[in-house]
Protein chains: 4
Amino acid sequence: MTVTNQKVRRKKDQILMSAIKIVNERGHEGATMEEIAAELQMTKGSLYYYFKNKNDLLYQCHHLVLSRAIAEHEDHLLENLSPEQLLRKMVSTHISFAINEREIFSMMIDPKRTFDDGQLESVLLLRKKYAALFDEVIRRGIASQQFERSEVVLVRMFILGAMNWVQQWFNEEGRFNQEQLIEEYADYVLKLLKK
Amino acid sequence: MTVTNQKVRRKKDQILMSAIKIVNERGHEGATMEEIAAELQMTKGSLYYYFKNKNDLLYQCHHLVLSRAIAEHEDHLLENLSPEQLLRKMVSTHISFAINEREIFSMMIDPKRTFDDGQLESVLLLRKKYAALFDEVIRRGIASQQFERSEVVLVRMFILGAMNWVQQWFNEEGRFNQEQLIEEYADYVLKLLKK
Amino acid sequence: MTVTNQKVRRKKDQILMSAIKIVNERGHEGATMEEIAAELQMTKGSLYYYFKNKNDLLYQCHHLVLSRAIAEHEDHLLENLSPEQLLRKMVSTHISFAINEREIFSMMIDPKRTFDDGQLESVLLLRKKYAALFDEVIRRGIASQQFERSEVVLVRMFILGAMNWVQQWFNEEGRFNQEQLIEEYADYVLKLLKK
Amino acid sequence: MTVTNQKVRRKKDQILMSAIKIVNERGHEGATMEEIAAELQMTKGSLYYYFKNKNDLLYQCHHLVLSRAIAEHEDHLLENLSPEQLLRKMVSTHISFAINEREIFSMMIDPKRTFDDGQLESVLLLRKKYAALFDEVIRRGIASQQFERSEVVLVRMFILGAMNWVQQWFNEEGRFNQEQLIEEYADYVLKLLKK
DNA sequence: TATGAATGAGGGTTCATTCAT
DNA sequence: GATGAATGAACCCTCATTCAT
């Protein structure tokens, strides 16, 4: 990759981070190209040098986020842990993303109304991949007879939903800190799954 | 209340129903005053006779839906059921609302972005009341030693999150229908809570 | 037709005239909705109450103009004149339109790049109708053996082109006035056609 | 001229050819500097090394095309042909340009809208020269008593208009090909002029 | 009460143009 | 000579809101 491409890549990433921040503050309809640009002391027009249009920008935000989370989960999968240990790590990763990269993760909501066909396909693929990681662990647990047989897809949805919701209310100053929250939630998840 | 006021009240309700429908279809940013009015064969301008502005209309939609859900839960609470039976009913009510009043209900997700201060206070109050209903049942279960001791607030958040998330993916044509979904989810909830 | 519809109709016509004027001065790409509105002391946004978008406005301009010209030609056709007399009248009408309603007529130029499929079809139909009026007269002349046999379509194109071009250069203060021009051009046309 | 200047000259010509092509495809408002540059695997910015601005580029396109057409006509004038033969050749040249250099040639239609004062003067001069070539032939024909006496300017306008119009409708796939069209049109022109 | 009509602020997008490197 | 990057003005269009009737 040329030096130039690296610079473009870095700039694109900056814009993405800026966009993610604004979108999270204002919602993806409330976020304007103007604001996203202003965050980086650029002008609206400049964004179009890097992204085809607002939708494209939004799409790439989404893509970036999901990719990172997937990568982290995949690292865990390579570590050769028991299903329970593995799942605890994944819960931790997921909730950490949801809280600490709140801006990023909250974009998981409602792609169907936002993206066009080409983008949607790609996003849906990535989401499927993300979900599959959890399904995989759950299936391992069932196979090793540590987890109860169940509708894997449904229980995974249940768990992901519970964890995603954390962003809506979690607040560092509240009664629980992040670690406690994660531990507690991991317990819930395992109680749900184990025999 | 005068006859006139009754008529106004009735019209307001019609508008709310129309608004709820459109908002559920298009999202609250995608819904336009034009469409909401058209649904009732009115014109945009007329809406402003009944509601101060779009925000006010949206707020009252939200209020209405949340109130109804609360009322339904409260009915269950009066029925003198076991904590388990009660919770199953509440899960059913909640998920039904989440699916059928998709968008309006999901305004719960981020009211701070939508409502102004006066409205926000009222909404937050209603939400607190809503949450308290679940806490109440959980506490009853713990008191009767059917449910395990736990951080009531945390586990309630976990459960509500799991159920809210349903709107993101549930689809009538999928592998599970609404009833099956509810039953399964109720099982999960109870597995989580019971000793 | 209701009174209201009449008022809308009249307003629409005003806007069309305004649009025609601006488009003629600036070209249809150079003409902005802003300017068209300003001409009538309206605001940009108001135009969208009457027309779906710029393209629609442009389309209706075009349609209006052609319809009027067609109507005038059709009046002549009913008058029971000899092909030569008829053609002289049509030349007069066409050139008059081209000069006096310059703004209007110059829109006949290049619809393919401006209109979308639905509009294009309608415009093309109207143009075909317009052309057919001339073809009809030419055919009558040939049938009555006053005009020479020829490729009707081609010779009609030749004639219309010659007349349309007048708008590009004619100028009231020039060596010829409008009447002289029309008479001379009618002579050319007939010289071209007659045996 | 230095070697460098020659290279610049050659590059300028390449750009002009590219611009002419794009303008002919997209119209002079639809053509973007980006596209023109892309055609030559250059970047937008580079064009500004060779041309002051888009208008300048357009102007030079126009100038080039018009000059070529004039040159071609002048070649014919040197060939010592009869007025009729000469005119046929000129009709052929003109129509060929009108069709093949569609957009550039049709800038002839309204230069006042496109060019600034300095450019306009030059263009108008060139056009006058162009028209004069036709007038010359017509006068020769009248002088040699082959053509009928007439208002030379008017009849020339008539003829040029008829030929320019060809761009509006001619289409390679139509009933007539370019050669047939030219022959037929030449016949019309001569029928118009000859005694 | 209801509406037709108008408004204006603002958003997304395009593109000619500039300029440091 | 050439380019990458940025700019900003302008444009089309949407929509909540207003107000006279």
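Note that the structure is predicted; figures quoted are calculated from it, not measured. Every chain is numbered from 1, with letters handed out A, B, ... down the list of sequences.
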In whole angstrom, what separates [X]'s [atom1] from [N]'s [atom2]?
| X | N | atom1 | atom2 | value |
| --- | --- | --- | --- | --- |
| A/Y48 | F/dA10 | OH | C1' | 14 Å |
| D/I36 | E/dC15 | CD1 | C1' | 12 Å |
| C/E29 | E/dT13 | CD | P | 20 Å |
| D/E34 | E/dT13 | CD | P | 17 Å |
| A/F51 | F/dA5 | CZ | P | 13 Å |
| B/I15 | E/dT1 | CD1 | C1' | 11 Å |
| A/M33 | F/dG8 | CE | P | 16 Å |
| A/R9 | F/dA5 | CZ | P | 13 Å |

*Does atom CD of C/E121 have more than 12 heavy-atom neighbours, drawn from other residues, nucleotides or ligands, at distances under 6.0 Å?*
no
*asked:* Ignoring hydrogens and geometry beyond distance, is the side chain of A/K44 in donor-acceptor contact with the base of E/dG11 at under 3.5 Å?
replied: no
*Apply the side chain to side chain donor-acceptor pair (under 3.5 Å) test between B/E35 and each candidate in B/R26, B/K44, B/K21; give the one that qualifies.*
B/R26
*In the strands shown, is E/dT21 matched to any nucleotide by a Watson-Crick or G-U wobble pair with both distances under 3.5 Å, and which?*
F/dA2
*Looking only at non-hydrogen atoms, find the nearest pair between D/A31 and D/V23 and report the distance.*
CB-CG2, 3.9 Å
Does OP1 or OP2 of [N] have a side-chain N or O of [X] closer than 4.0 Å?
| X | N | answer |
| --- | --- | --- |
| A/K52 | E/dT13 | no |
| D/S46 | F/dT3 | yes |
| C/T43 | E/dA6 | no |

Between [options], which one does the side chain of [X] approach most closely?
| X | options | result |
| --- | --- | --- |
| D/K7 | F/dG1, F/dA16, F/dC12 | F/dG1 |
| B/V8 | E/dT13, E/dT1, F/dA2 | E/dT1 |
| C/T32 | E/dG12, F/dA5, F/dC12 | F/dC12 |
| C/M42 | F/dA5, E/dG12, E/dA6 | E/dA6 |
| A/Y49 | F/dT18, E/dT14, F/dG4 | F/dG4 |
| D/Y50 | E/dT13, F/dG1, E/dA2 | F/dG1 |

*asked:* Students often get this wrong, so: under 4.0 angstrom with heavy atoms, is B/A31 touching a base, only sugar-phosphate, or nothing?
replied: sugar-phosphate
*Nearest nucleotide by nearest heavy atom, which residue falls closer to the 5' end of DNA chain F, A/L47 or C/K54?*
A/L47
_Quick check: on DNA chain F, is the nucleotide nearest C/G45 upstream (toward 5') of the one nearest D/Q41, or the reverse? Name the residue that is more 5'._
D/Q41
*Going from CD1 on D/I20 to CG on D/L16, what distance comes out if it is rounded to the nearest 0.5 angstrom?*
6.0 Å
*asked:* Rounded to the nearest 0.5 Å, what separates atom CG in A/D56 from atom NE2 in A/H63?
replied: 11.0 Å
*Would you please classify the geometry between the B/F115 ring and the B/H62 ring as parallel, tilted or perpendicular, with 30° and 60° separating the classes?*
tilted
